[in-house]
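Here, residue 1 is the first one in the sequence, and each next residue gets the next number. Every value quoted in this text rests on a predicted model; they were computed, and no experiment measured them.
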Amino acid sequence: VQTAIEGYFYRPFGVTIDAHGNLFVADAYNNSVKKIPYNAGSYGVPVSLGSGFSDPNAVAVDASGNVFVADTNNNAVKEIPFNGASYGAPLTIATGFNNPFGVALNASGDVFVADTFNNEVWEIPFNGSSYGTAVKIATGVGRPRGLAIDGAANVYVGADADNAVE
């Protein structure tokens with residue numbers, strides 16, 4: 001069954017879903033991140049989370065409901081914290097990228113970033129209460145954009161310049 005949620009987006013690029021079925025969208029050209037709440041088998045009206053984004057292209061959600069955003073034109077990764085009832089203002093957890101297009105999380109809460117125009121992949125380690133300094137884990141990756149992490153903690157990178165998955 002297909003359900004269309006229309007009229008609210010302008011170049012929706014990245015999407016993810018949380019454990020409760022809520023849908024999150026990186027609405028790139030509206031410079032926003034939106035949550036589409038899921039309740040009783042249907043989706044509600046999209047709600048914007050935070051502000052200050054510039055062409056967000058990817059989103060990921062951790063087990064606690066915190067939302068992570070590849071804030072592409074701000075060259076940053078931001079977290080929209082969730083306290084169990086509401087979302088806080090976006091917090092920058094890492095900067096210095098060159099158009100990050102992808103973001104993903106592993107089971108430990110570490111954040112992975114596709115640093116597209118630097119042709120690199122980075123890991124922002126999580127120690128259980130805060131994020132450490134980003135560590136480069138791959139270089140020479142042809143314009144990475146999409147990321148995925150499997151249950152064995154392998155990181156998969158969609159690299160569009162080479163038409164390859166690495």
Side-chain angles (χ1 to χ4, degrees), residues 2-3 5 9 11-29 31-36 38 43 49-50 53-82 90-166:
Q2 290 182 325
T3 301
I5 302 168
F9 304 104
R11 194 178 170 238
F13 205 51
V15 297
T16 195
I17 194 163
D18 70 10
H20 304 289
N22 300 304
L23 185 65
F24 296 83
V25 179
D27 190 6
Y29 283 10
N31 296 314
S32 67
V33 173
K34 294 181 178 148
K35 175 185 176 183
I36 305 164
Y38 183 77
Y43 286 96
L49 303 178
F53 299 108
S54 181
D55 195 24
N57 276 274
V59 290
V61 179
D62 70 13
S64 298
N66 301 302
V67 181
F68 296 84
V69 182
D71 193 7
T72 304
N73 285 343
N74 281 325
N75 297 312
V77 172
K78 295 180 180 174
E79 175 189 10
I80 305 170
F82 183 65
L91 307 169
T92 300
I93 62 170
T95 60
F97 305 108
N98 188 355
N99 288 90
F101 272 83
V103 65
L105 303 164
N106 67 13
S108 300
D110 302 319
V111 179
F112 294 80
V113 183
D115 189 2
T116 303
F117 291 152
N118 281 330
N119 301 310
E120 299 167 341
V121 177
W122 293 77
E123 177 182 358
I124 307 166
F126 183 64
N127 69 14
S129 61
S130 64
Y131 292 91
T133 302
V135 177
K136 190 182 318 178
I137 62 168
T139 62
V141 181
R143 298 218 183 181
R145 292 195 181 236
L147 297 173
I149 301 172
D150 67 16
N154 295 303
V155 178
Y156 297 88
V157 181
D160 73 336
D162 299 352
N163 296 312
V165 174
E166 302 184 16

At their closest point, which heavy atom of [X] faces which heavy atom of [Y], and how far apart are they?
| X | Y | result |
| --- | --- | --- |
| Thr16 | Ala60 | CG2-CA, 3.9 Å |
| Ser32 | Pro56 | O-CG, 3.5 Å |
| Ala70 | Pro100 | CB-O, 3.7 Å |
| Ala159 | Gly142 | CB-O, 3.1 Å |
| Gly102 | Ala58 | CA-CB, 3.8 Å |

(request) Report the C-alpha distance between Leu105 and Asp110 in whole Å, list the side-chain angles of each, state the deciding distance to 0.1 Å, and finish with yes or no for side-chain contact (heavy atoms from CB on, under 4.5 Å). (result) CA-CA 6 Å; Leu105 303 164; Asp110 302 319; over 6 Å; no
(request) Test Phe53 against Lys78 for side-chain contact (heavy atoms from CB on, under 4.5 Å), laying out the working first. (result) CA-CA 9 Å; Phe53 299 108; Lys78 295 180 180 174; 3.9 Å; yes
(request) State which residue, out of Val61, Val103, Asp62, Asp18, fulfils the side chain to side chain contact (heavy atoms under 4.5 Å, CB included) condition with Val67. (result) Val61
(message) Out of the candidates Asn66, Val59, Val69, only one should pair with Ile80 under the side chain to side chain contact (heavy atoms under 4.5 Å, CB included) rule; please name it.
(response) Val69
(message) Using 30° and 60° as the class boundaries, would you call the ring planes of Phe13 and Phe101 parallel, tilted or perpendicular?
(response) perpendicular
Side chain of [X], backbone of [Y]: donor and acceptor closer than 3.5 Å?
| X | Y | value |
| --- | --- | --- |
| Asn119 | Arg143 | yes |
| Asp115 | Asn98 | yes |
| Tyr29 | Pro12 | no |
| Asn75 | Asn99 | yes |
| Asp71 | Val77 | no |

(message) The test is side-chain contact (heavy atoms from CB on, under 4.5 Å); show your working for Ile149 and Tyr156 and say whether it passes.
(response) CA-CA 6 Å; Ile149 301 172; Tyr156 297 88; over 6 Å; no
So [Y] and [X], do their side chains get closer than 4.5 Å, heavy atoms only?
| X | Y | value |
| --- | --- | --- |
| Thr139 | Val141 | no |
| Asp27 | Val33 | no |
| Trp122 | Val111 | no |
| Tyr43 | Asn22 | no |
| Tyr38 | His20 | no |

Once rounded to the nearest 0.5 Å, what's the spacing between atom [atom1] of [X] and atom [atom2] of [Y]?
| X | Y | atom1 | atom2 | result |
| --- | --- | --- | --- | --- |
| Asn31 | Asn73 | CG | CG | 8.0 Å |
| Phe97 | Asn118 | CZ | CG | 9.5 Å |
| Phe126 | Asn106 | CZ | CG | 11.0 Å |

(message) What I want to find out is whether Asp55 reaches Arg11 closely enough, with some N-O distance under 4.0 Å, to be called a salt bridge.
(response) yes
(request) With sequence neighbours excluded, give me every salt bridge (Lys or Arg N to Asp or Glu O under 4.0 Å) pair touching residues 122-137. (result) Glu120-Lys136
(request) Decide yes or no on side-chain contact (heavy atoms from CB on, under 4.5 Å) for Phe68 and Ile93, but give the supporting numbers first. (result) CA-CA 9 Å; Phe68 296 84; Ile93 62 170; 4.0 Å; yes
(message) Please evaluate residues Asn127 and Ser129 with respect to the criterion side chain to side chain donor-acceptor pair (under 3.5 Å), reporting the C-alpha separation (whole Å), side-chain torsions for both, the decisive distance (0.1 Å), and the verdict.
(response) CA-CA 6 Å; Asn127 69 14; Ser129 61; 3.2 Å; yes
(message) Evaluate Ser54 against Asn74 for side chain to side chain donor-acceptor pair (under 3.5 Å), listing each step before the verdict.
(response) CA-CA 6 Å; Ser54 181; Asn74 281 325; 4.7 Å; no
(request) Check the surroundings of atom CZ in Phe117: do more than 12 heavy atoms from other residues, nucleotides or ligands lie under 6.0 Å from it? (result) yes
